[in-house]
J.: 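What follows is a single structure, and I will ask about it in a moment.
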Amino acid sequence: MSAVMKQSLQTKLSLHIALVALLTVALIGVLSNVFVKRRFESYIVQRQQQKIADLLSRVEQQYDPAARMWDTGFLHAIGMYALRDGYIVKVYDRRGAMLWDAEDCDMASCAQIVGEISQKMRAREPLAGGSFTARDFPLTSEGETVGKISVSHFTPYFLSDGDILFMDALNSLFIGCGLLSLALAVALGRLLARSVSFPIRKAAGVAKRMSEGDYAVRMEGGSDIRELDELTLSVNRLAQALGRQETLRRQLTADIAHELRTPLTTVGTHIEAMTEGLWEPTRERLSSCREEIERIGGLVSDMEGLARAESGSLKLERDFVSLRELAEKTFRGFEAQILEKHLTVSAEGDCRARVDRKRMQQVLANLLSNAVKYTPPGGVVRVVLSETDDAVLLAVEDDGIGISPEDLPFIFERFYRADKSRSRASGGSGIGLAVVRSIVTAHGGKVTAEPLPEGGSRFQVALSKKET
Ligand code: ADP
């Protein structure tokens, strides 16, 4: 026994579906997070550039070109406002003299803002390696450089509290959606796994019961999965076929017992009477015993023939054979019955095929024997030979009793007899057509039976030209 613990189909399917869902959610989460983050970063960088441009223009507005002087009154307000936003501003006049310096004004606030922003950004983006850097921009008025401004801020970018809140909310949304989709995928996966594994488990249960000999068991219920419906159908067909085989096997035992009992009893009583001196061992009595023994021999050789034909070890010795010649030769074997029943027989058309002569003659003999047997006196039996592009066709037709539609699907099965009492009375054992099918199949061909509209039946052997 294998030491490996086997998983159930449902567990395996559920695990795989959950794994795929997890990977998909993680991938989508990471990709969209990276994408959104990139876009957001470039938006922040743009916004910061815009802020610096606004700052510049507001500072430039404090220059009075007429007086060629700076109005430093508002510079403080602009600088302090910028400081709160994280920009440390220094303004110089055209000669480079300091007009306003945020650090001079409020050293403590500057240090606090630098510390807070650096700490916050390094905690959020430890790998970005950002730092406070200062950049100088010229201040112009009416096309003339009137001073210089130095703006120091955390580069490449920094996030305000609002930005951080927005990013955190976005991240929570991603994680929430991811978890929700994962939970949904796992739940749906489990449902799907269950709907797939349930009928398979049921099929396994039915197969087990069949292996225990219960062929009446059937799988019920359809599903919305085509393959599972096919499985249900196949399992039910298998049960039906096994049941039929079982019935045939039982019937076979009963048939063999019955077929053997009658001649054995006759022979037994005859010989007993003769050995005890009650009966003279006359020629007639001895030949009647021989006939009975021959009947037993015939049955046994029928069964042997079938066993050989069905064993798959049937070796064909193929030759190019005229099927018409073969049919006429076979007809001669039935001359006595044909004459006795005043049957009209004929062979029409001709074609040649590469077949095992003896086996094909056996096929013809079995088909003709049935046609002769099941056609009332005065009837017609015909062998019709024809060919199509890819097959050689051999048909045996009669205008006899015909085959009922209920029996049609089964007549090629071993020991199947449409009308049990009548076939037995006519010497049939239900083996002939099974032998025909085995031999034709060994030739790579197909045999079919159909009732004729005007009464009687038609058996057709189709031999593929590729095979022959
Ligand atoms: P059997 O030895 O009983 O004839 P077969 O296997 O040859 O066995 O045939 C199976 C059954 O098929 C027969 O019992 C008979 O009912 C039916 N059958 C076969 N050939 C014909 C036919 N030409 N006309 C009517 N019924 C036929």
Side-chain angles (χ1 to χ4, degrees), residues 244-245 247-249 251-260 262-263 294-310 327 330-331 333-334 337-338 340-341 343-347 359-384 393-442 446-461:
R244 209 166 53 234
Q245 287 300 324
T247 316
L248 283 172
R249 195 182 59 77
Q251 192 188 320
L252 162 69
T253 320
D255 284 351
I256 295 176
H258 182 92
E259 300 293 334
L260 293 180
T262 324
E294 274 170 2
R295 255 184 80 186
I296 300 174
L299 179 67
V300 170
S301 67
D302 267 2
M303 285 165 59
E304 259 175 4
L306 177 65
R308 233 188 349 261
E310 287 190 335
T330 318
F331 265 135
F334 294 97
Q337 289 105 302
I338 291 169
E340 190 188 331
K341 288 179 102 172
L343 298 175
T344 310
V345 301
S346 63
R359 309 276 179 205
M360 204 38 77
Q361 194 168 353
Q362 168 95 62
V363 167
L364 269 162
N366 289 8
L367 293 177
L368 285 177
S369 137
N370 282 345
V372 168
K373 212 165 20 177
Y374 300 111
T375 304
V380 178
V381 175
R382 302 192 309 154
V383 173
V384 182
L393 305 176
L394 180 159
V396 176
E397 296 176 3
D398 64 62
D399 62 353
I401 60 169
I403 306 161
S404 71
E406 303 88 70
D407 293 318
L408 205 56
F410 308 115
I411 53 171
F412 289 100
E413 297 203 353
R414 273 168 285 158
F415 302 101
Y416 189 87
R417 293 183 299 210
D419 181 340
K420 296 180 180 50
S421 54
R422 185 174 50 201
S423 324
R424 187 178 288 141
S426 54
S429 57
I431 293 179
L433 288 180
V435 172
V436 167
R437 185 173 60 178
S438 297
I439 296 177
V440 172
T441 310
K446 245 184 127 175
V447 57
T448 47
E450 57 178 344
L452 289 175
E454 62 274 14
S457 22
R458 176 172 205 265
F459 287 80
Q460 177 170 282
V461 175

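Residue indices begin at 1 and follow the sequence shown. Atoms within each ligand, like the ligands themselves, are counted from 1 in listed order.
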J.: Heavy atoms only: give me the nearest A371-V396 pair and the separation to one decimal.
T.: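 Minimum heavy-atom contact is CB-CG1, 4.1 Å.
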
J.: Is a side-chain donor or acceptor of K341 paired with a backbone partner of G379 at a separation under 3.5 angstrom?
T.: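 Absent.
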
J.: Can you find a heavy atom in the side chain of F412 that is under 4.5 Å from one in the side chain of V440?
T.: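 No - every pair of side-chain heavy atoms lies 4.5 Å or more apart.
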
J.: With heavy atoms of I411 as the reference, note each atom of ligand 1 found under 4.0 Å away.
T.: 10 (C), 12 (O)

J.: Considering the heavy atoms of S457, write down every atom of ligand 1 situated less than 4.0 Å from one of them.
T.: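 So the answer, numbered in order with elements, is 22 (C), 23 (N), 24 (N), 25 (C).
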
J.: Spell out, as yes or no, whether a donor-acceptor pair under 3.5 Å connects the side chain of D399 to the backbone of G455.
T.: no

J.: What atoms of ligand 1 come closer than 4.0 angstrom to any heavy atom of G432?
T.: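 Heavy-atom distances to G432 below 4.0 Å select 5 (P), 6 (O), 7 (O).
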
J.: Which atoms form the tightest heavy-atom contact between S457 and I403, and what is the distance?
T.: CB-CD1, 3.9 Å

J.: Can you tell me if I431 has a non-hydrogen atom under 4.0 Å from ligand 1?
T.: yes

J.: Say whether I403, considering both its backbone and side-chain N or O atoms, lies within less than 3.5 Å of an N or O atom on ligand 1.
T.: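 In fact, backbone or side chain, I403 has no N or O that close.
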
J.: Is the contact between F412 and ligand 1 made by the side chain, the backbone, both, or neither, using heavy atoms and a 4.0 Å cut-off?
T.: neither

J.: Using a 4.0 Å cut-off to any heavy atom of G402, which atoms of ligand 1 qualify?
T.: 25 (C), 26 (N)

J.: Can you name the one residue among L367, N366, V363 that meets side-chain contact (heavy atoms from CB on, under 4.5 Å) with L433?
T.: L367

J.: Taking all non-hydrogen atoms of both residues into account, name the closest pair between F334 and A365 and its distance.
T.: CZ-O, 3.3 Å

J.: For L433, counting its heavy atoms only, list the atoms of ligand 1 lying under 4.0 Å from any of them.
T.: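 Checking each atom against L433, I get 5 (P), 6 (O), 7 (O), 9 (O), 10 (C), 12 (O), 19 (C).
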
J.: Of the side chain and backbone of D398, name the one, both, or neither that has a heavy atom under 4.0 Å from an atom of ligand 1.
T.: side chain

